[in-house]
Every structure is written in structure tokens, then in C-alpha cells.
Enquirer: 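Have a look at this one.
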Amino acid sequence: MENLLKLEPNPSLLSNQTLPVVNSYNEWDPLKEVIVGRVEGAAVPHLEPALLTNSYPNNLGFFQKYAGQPFPQELVEIAAKELNDFCHILEAFGVTVRRPDIIDFSKTYKTLDFEASGFYAAMPRDVLIVVGNEIIEAPMAWRSRFFEYRAYRSLMLEYFRRGAKWTTAPKPSMSDEFYDFEFAQKPVEERYALTKKGHFVIRDTEPSFDAADIVRFGRDLFVQRSHVTNNIGITWLKRHLGDTFRVHVVNFPDYNPMHIDASLVPLRPGLALINPARPCLEKELFKKAGWDLVDAAPSTLPDNWPMYMCSSWVCMNILSLDPETIVVEKQEEPMQKLLKDLGFKVIPVDLRHLYTFGGSFHCVTCDVRREGKLEEYGFSDPLEEEG
Ligand code: DAV
């Protein structure tokens, strides 16, 4: 099959190539430069509608207690150490590591539409996406994340001065009309039932997306509608990227959706992980393109581990150093075994305390530069225009 022939990377063509300052087309090509987030300065957001929707009911007490204050210091210290150690490991593999500025996110701010305090710069994946040679700042949908881009501005300016194409997608006003307050107040089961029918906490009044709702497979990008990504945001992305890229909307039986990178994770051309608890509804699309979808292994995390922002499926939120080498959390032995059985070299790294802040290796990074160029991996045009 012609499609499958295209799946082989050709290292000899790539090794001596001079890469543009920003260059990343997929999640697996050899990694050269990466931004790794920080927890220093992290603050606990107020229970705004979108956060209320995405947090789990047993965590409400934590948010009520700490809203507007710095994250408890002992949590910050241990997670900051894990991140620093992760950076050193990346450097040992020859990857250039960049970090955002340290900002005090507990400061309050006021726009013409709302008042809030901030969150953190721990998850560059949520704010930034590199599509080819362009770096895009995502609009974001939480009031507490409105100014998060500022932690990355000195890096963005540097990349821009060095020749990068830098875009900021329009930010929603985050005014009261943008959110469905009634939805956010409903009991969790009612919200899930409504989300199953296509109802989300943000409305379609203004474009919005988090970069982490998008996953890159070369020319083809997959995006999910979520509590932070709306249809008009997806339309903005499609129109902005034009014909060079194809944006496909995919769906998962995830009724509290926020970010696609614990649901669909490509590992190398022709192979992706999916989440067995919320299997992709468009499996056929991948099969037709010659891709195998493999179920991720569940996390080993104890049930009582504090998880304020995400599920334990972040065990599949890995970072690929190249199509053969993957960073996996040190205590996620079943995930490690699965990947080894699939032929990967696994690098186990501690990051469990970072889970408490809402993510793992993919979330805490933004790959600014990978070797490689624009390729197709067997997919066809999206069937119908959405949004
Ligand atoms: O499964 O809870 C994880 C991604 C967080 N940025 C989840 C989504």
C-alpha cells in the first residue's frame, strides 16, 4: 500500500538538516528543543464556571479552601523538583530545554468583563501549539488562564526575533455570556448526560480552544470539542491553517472532556494509543488510514492520590523523544511494559506529584523543534465541514 510506504522515517535525510527555529509537525519526530512548564508561582483558581465543571465533586473543598492563594508549598516543591530532574534527563538526551518565566499567579486582575486571579505556567501544552513553522498561542477558556501566555512571552519574543512565525489566536472576552452558569451548577450526572448530547460549559459566542485539545499527525490534526474548545474555535483553527493542514474533529465517550492527550496519543507512524475507558468513536478513520490503535494500560496510581484537575489516565500522557524512544512515568509499570512490547525504548522518569497539578509529560511540554517536515500519514480529507 502506498500509504504505508510513506510511514517510514528516513533518518539519513534528516540528520544534517538545518532546522527552522520553530519546526514541529507531529508528536514523534526526533526532539531537539522543548519548553518545560513550571509550578513555581502556581495559584489555586477561584471556582469559576469552567473549573467547577471540570473539577471532581470531592475536590470542591480544596478549591474553596485555597482559592486565590498560592498552591500549598509542599506540593509545589516536590513537583518542581520532579520537573527539574525531567529537564536534566532531556538535556542528557541532547534536547535543548527552555522554561517559562516565574510569575506570581495569585495576583488578581480585572478586565472589562470579569475579575479573577491566575493559575500556573505548568502546562505549556495547553497554551501553545506548534504547527509546522508557526507557534500559536491558544485563546484559552478559563478566566484564571486569561493571562497565562505572559509567562511565555519572553520566549515567544526570542523565537520571533530569530525568525519564527508567531500568532496569537483571538481570545474570548470570557464575559458572563460566554459561559453556561446553569450548566456548571448542575449535579455531575446531569452534566454528563447533557455533555453526551453535545452540551458544554462554554458557548459558541466567541472562538475558543486550548492547544491541548489538538493532536498532530503531520498534515492531519485531530481536535475534540470540549469544555474549553468550542465549534467556532475549531472553525477558526481550520480557516487559519488553510489547505496546508487538515483538521478532523474526533469524539470520545468522555463526558468531562478537557484536552485530548489522555485519549488519543500517536507513538510513531501507523501506531497510536487510545484510552480503553473512552475509545475514539472514529476508529474506522484510523483503520482506513493504515493505523493501529492500541489500548493504553491503566495507571498504578492509588485511588487516594490527590488529583485536582485530571484523571489518572495521564499515565498515557507520554513524551516521545523520537519514533523509538518514549518518556513514561516511573511507577507506571504496565504502560512501560506495553510500550516495550510494542518495540519502544522506555525512559522511566518520576512525575507523579505533577499529576496532582493536572498532567504528565505531554501536558508539561511544548515541542518547539523536532526534526522532520510536513508529511501525510494515510488520512484523507475530513468527510464533512464542521463548526
Ligand atoms: O484524562 O483527565 C488529561 C489531560 C490534562 N491536560 C484527563 C485529561
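If you read the sequence from its start, that first residue is 1, and numbering goes on from there. First listed ligand is number 1; within each ligand, the first listed atom is number 1.
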Enquirer: Between Asn275 and ligand 1, which part of the residue brings a heavy atom under 4.0 Å of the ligand: side chain, backbone, both or neither?
Expert: neither
Enquirer: Under 4.0 Å, counting heavy atoms only: does Arg125 come that close to any atom of ligand 1?
Expert: no
Enquirer: With heavy-atom distances below 4.0 Å as the criterion, list the atoms of ligand 1 near Cys363.
Expert: 5 (C), 6 (N)
Enquirer: Is it the case that ligand 1 has an N or O less than 3.5 angstrom from some N or O of Arg278?
Expert: yes
Enquirer: Give the atom numbers and elements of ligand 1 that come within less than 4.0 Å of a heavy atom of Val314.
Expert: 3 (C)
Enquirer: What's the spacing between Met316 CE and Ser263 OG if we round to 0.5 Å?
Expert: 6.5 Å
Enquirer: Tell me which protein heavy atom sits closest to atom 8 (C) of ligand 1, plus the residue, atom name and distance to 0.1 Å.
Expert: Met258 O, 3.6 Å
Enquirer: Return yes when Gly358 approaches ligand 1 closer than 4.0 angstrom through a heavy atom, no otherwise.
Expert: yes
Enquirer: What closest approach, in Å, do Phe146 and Tyr109 show between heavy atoms, and which atom pair accounts for it?
Expert: N-OH, 3.9 Å
Enquirer: Is ligand 1 under 4.0 Å from a heavy atom in the side chain of Asp261, in the backbone, in both, or in neither?
Expert: side chain
Enquirer: Going from OH on Tyr152 to CG on Leu128, what distance comes out if it is rounded to the nearest 0.5 angstrom?
Expert: 6.5 Å
Enquirer: For ligand 1, indicate whether the residue Cys310 contacts it via side chain, backbone, both or neither (heavy-atom separation under 4.0 Å).
Expert: both
Enquirer: Tell me whether Met123 shares a hydrophobic cluster with Leu155, the cluster being built from Ile, Leu, Val, Met, Phe, Trp, Tyr side chains joined at under 4.5 Å.
Expert: no
Enquirer: I'd like to check which ligand 1 atoms, numbered from 1 as shown, lie under 4.0 Å from a non-hydrogen atom of Ser311.
Expert: 1 (O), 2 (O), 7 (C)
Enquirer: Testing the 3.5 Å rule here: is there a donor-acceptor pair between the side chains of Glu282 and Asn251?
Expert: yes
Enquirer: Any Lys/Arg nitrogen of Arg268 or Glu324 sitting under 4.0 Å from an Asp/Glu carboxylate oxygen of the other?
Expert: no
Enquirer: Would you say the side-chain atoms of Glu329 pair up with the backbone N or O of Ser360, donor to acceptor, closer than 3.5 Å?
Expert: no
Enquirer: Please state which part of Met123 comes within less than 4.0 Å of ligand 1, counting heavy atoms only: side chain, backbone, both or neither.
Expert: neither
Enquirer: Considering distance alone, does some N or O of His259 sit under 3.5 Å from an N or O of ligand 1?
Expert: yes
Enquirer: Do the side chains of Glu375 and Lys373 get close enough for a salt bridge, i.e. N-O under 4.0 angstrom?
Expert: yes
